[in-house]
Amino acid sequence: MAEFIPGTDISTDVPTIEVTVNPDKPLPLGRQTFRLVVIDDAGNASKPDEVTIIVADQDAPTAVIRGPRIAAFAKSFELDGSASFDVGGGKVVKYVWTYLGPVT
């Protein structure tokens, strides 16, 4: 069990860890990223791997958008919101799409 603080490393000797959430200071809603670096018995460190976890709202639905990592120039591509869900038992019935422009 570990209470993570953004940007602070936690080292273990085992390959799994429980992310302990303090109810008075929960992880924010939305996507939260965790990183893992492993070190072998010679002291060599790996390149990092990351996973993104969605902390879902218990009342409102959670949007999940998927798309290609690379889109060919001047070619159409598809975005997919079918993995969106509602933990509270509701059903997603409408999808509102917005293009936010280039990443800066």
Side-chain angles (χ1 to χ4, degrees):
M1 298 190 325
E3 190 170 335
F4 282 83
I5 298 170
T8 302
D9 294 341
I10 297 174
S11 295
T12 68
D13 296 329
V14 294
T16 61
I17 191 167
E18 177 184 308
V19 178
T20 304
V21 177
N22 180 340
D24 296 328
K25 195 176 169 187
L27 293 174
L29 293 172
R31 297 178 188 280
Q32 307 299 323
T33 304
F34 293 85
R35 174 179 293 157
L36 173 67
V37 173
V38 295
I39 300 169
D40 67 16
D41 57 357
N44 301 308
S46 70
K47 300 250 186 241
D49 193 16
E50 295 181 349
V51 64
T52 299
I53 307 294
I54 297 174
V55 177
D57 192 313
Q58 298 297 303
D59 299 317
T62 298
V64 178
I65 186 171
R66 293 181 178 151
R69 288 209 173 262
I70 298 172
F73 180 70
K75 299 289 184 184
S76 299
F77 58 92
E78 185 172 288
L79 299 175
D80 180 0
S82 65
S84 300
F85 59 95
D86 189 342
V87 173
K91 180 179 178 185
V92 176
V93 296
K94 187 177 223 177
Y95 302 86
V96 180
W97 308 90
T98 305
Y99 172 51
L100 299 176
V103 175
T104 57

(request) State the OG-CD1 distance between Ser84 and Ile65, to the nearest 0.5 angstrom. (result) 8.5 Å
(message) Applying a strict under-4.5 Å side-chain criterion to I, L, V, M, F, W and Y, I'd like to know whether Ile10 and Val19 cluster together.
(response) yes
(message) So for atom CG, which belongs to Asp9, do other residues, nucleotides or ligands contribute more than 12 heavy atoms lying within a distance under 6.0 Å?
(response) no
(message) Taking salt bridge (charged side-chain N to carboxylate O under 4.0 Å, His left out) as the cut-off, I'd like each qualifying pair that reaches into residues 14-42, sequence neighbours left out, listed once.
(response) Arg35-Glu50
(request) Any chance you could measure Asp86, atom CG, to Thr62, atom OG1, to the nearest 0.5 Å? (result) 7.5 Å
(message) Contact between Val87 and Asp57 at the side-chain level, heavy atoms closer than 4.5 Å - yes or no?
(response) no
(message) Please tell me whether Ile54 and Val21 are part of a single hydrophobic cluster in this structure, the criterion being side-chain heavy atoms less than 4.5 Å apart.
(response) no
(message) Within the structure provided, determine whether Arg66 and Leu79 are in side-chain contact (heavy-atom separation under 4.5 Å).
(response) no
(request) For Asp59, enumerate each residue passing the side chain to side chain donor-acceptor pair (under 3.5 Å) test, keeping only those at least two apart in sequence or located in another chain. (result) none
(request) Would you name the heavy atoms of Pro61 and Val92 that are closest together and state the gap between them? (result) CB-CG2, 4.2 Å
(request) Return the set of residues passing ring pair (Phe, Tyr, Trp, His ring centres under 6.0 Å) with Phe4 (not counting sequence neighbours), or none when no residue passes. (result) Phe34
(request) Find out whether Ile39 and Asn44 are in side-chain contact, i.e. whether some heavy atom of one side chain is under 4.5 Å from a heavy atom of the other. (result) no
(request) Would you indicate whether the side-chain heavy atoms of Thr33 and Val51 approach each other to under 4.5 Å? (result) no
(message) Test of understanding: clusters of I, L, V, M, F, W, Y form through side-chain heavy atoms closer than 4.5 Å, transitively. Do Ile17 and Ile53 belong to the same one?
(response) yes
(request) Begin with the C-alpha distance, continue with both residues' side-chain angles, and end with the deciding distance and a verdict on side-chain contact (heavy atoms from CB on, under 4.5 Å) for Thr52 and Gln32. (result) CA-CA 5 Å; Thr52 299; Gln32 307 299 323; over 6 Å; no
(request) Indicate the atoms forming the closest heavy-atom contact of Ala71 with Phe77, along with that distance. (result) CB-CD2, 3.6 Å
(message) I need the minimum non-hydrogen distance between Ala45 and Val37, along with the two atoms involved.
(response) CB-CG1, 4.1 Å
(message) Donor-acceptor pair, distance only, cut-off 3.5 Å: does the side chain of Thr12 make one with the backbone of Val14?
(response) yes
